[in-house]
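Below is one structure, written out as structure tokens; the observations come after it.
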Amino acid sequence: MFVVFVIVAAGVLFGAVLLVLGRGDLLRPEVVGGEPVPLPAGAVGADEIAEVRFSIVHRGYRMDQVDAVLDRLQRELAWRDHRLAELEARIPGSAAPLPRRRPGAPDEG
């Protein structure tokens with residue numbers, strides 16, 4: 001009789017754990033479709049950034065794709081800041097000093 005009680009108690013405990021934790025699917029299923037859309041070569045504008053899409057994996061987006069986009073945007077913004085400061089320094093009567101070249105900024109051209 002004791003063995004039957006232990007088996008029933010273990011079954012009830014196992015059922016309670018399954019009920020609380022669910023079937024084991026802690027993450028939403030992947031969204032199928034949609035290929036990744038990287039940034040295009042050349043200058044990047046707001047429209048290109050709005051079109052960027054990443055592959056969806058179990059834990060979110062592919063980190064290497066996100067890191068590549070963020071690195072690229074950082075370089076583009078650094079170059080634009082540098083170029084803007086350079087052009088502002090050329091304005092007659094401007095007190096802005098000519099900026100130094102930032103490391104990692106793309107070449108002009």
Side-chain angles (χ1 to χ4, degrees):
M1 185 67 177
F2 179 73
V3 174
V4 172
F5 178 72
V6 170
I7 292 174
V8 169
V12 169
L13 182 63
F14 182 73
V17 168
L18 281 180
L19 186 66
V20 170
L21 297 180
R23 331 178 284 174
D25 292 338
L26 299 177
L27 300 174
R28 294 183 199 168
E30 291 185 24
V31 178
V32 180
E35 290 292 318
V37 178
L39 287 173
V44 178
D47 293 336
E48 289 85 8
I49 294 171
E51 295 297 318
V52 170
R53 298 291 179 263
F54 303 106
S55 298
I56 297 176
V57 294
H58 291 291
R59 294 282 179 189
Y61 297 110
R62 287 198 41 196
M63 290 189 334
D64 60 333
Q65 291 176 352
V66 175
D67 290 343
V69 168
L70 291 175
D71 290 343
R72 171 83 183 281
L73 290 174
Q74 184 271 328
R75 288 192 310 271
E76 285 283 331
L77 291 173
W79 178 81
R80 287 183 185 182
D81 289 346
H82 173 78
R83 185 70 176 138
L84 182 61
E86 183 180 82
L87 293 173
E88 286 176 346
R90 292 182 184 173
I91 297 174
S94 173
L98 188 63
R100 296 182 332 192
R101 180 126 175 94
R102 294 185 183 186
D107 292 333
E108 294 179 26

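Please read all numbers here as calculations on a predicted model, not as lab measurements.
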*By side-chain hydrogen bond (donor to acceptor under 3.5 Å, both in side chains), which residues pair with D67, not counting sequence neighbours?*
none
*Can you list the residues that meet the salt bridge (Lys or Arg N to Asp or Glu O under 4.0 Å) rule with R53, with sequence neighbours excluded?*
none
Is there a path of hydrophobic side-chain contacts, each under 4.5 Å between heavy atoms, that joins [X] and [Y]?
{"X": "F14", "Y": "I7", "answer": "no"}
{"X": "L70", "Y": "V52", "answer": "yes"}
{"X": "V12", "Y": "V4", "answer": "yes"}
{"X": "I49", "Y": "V66", "answer": "yes"}

*Rounded to the nearest 0.5 Å, how far does NE2 of H82 lie from CG of L84?*
11.0 Å
*Rounded to the nearest 0.5 Å, how far apart are CG of L73 and CZ of R75?*
9.0 Å
*asked:* Between Q65 and S55 (side chain of the first, backbone of the second, donor and acceptor by atom type, cut-off under 3.5 Å), is there such a pair?
replied: yes
*Would you name the heavy atoms of A41 and R72 that are closest together and state the gap between them?*
C-NH2, 3.9 Å
_For the student: nearest non-hydrogen atoms of V69 and F54, plus distance_ = CG2-CE2, 3.6 Å
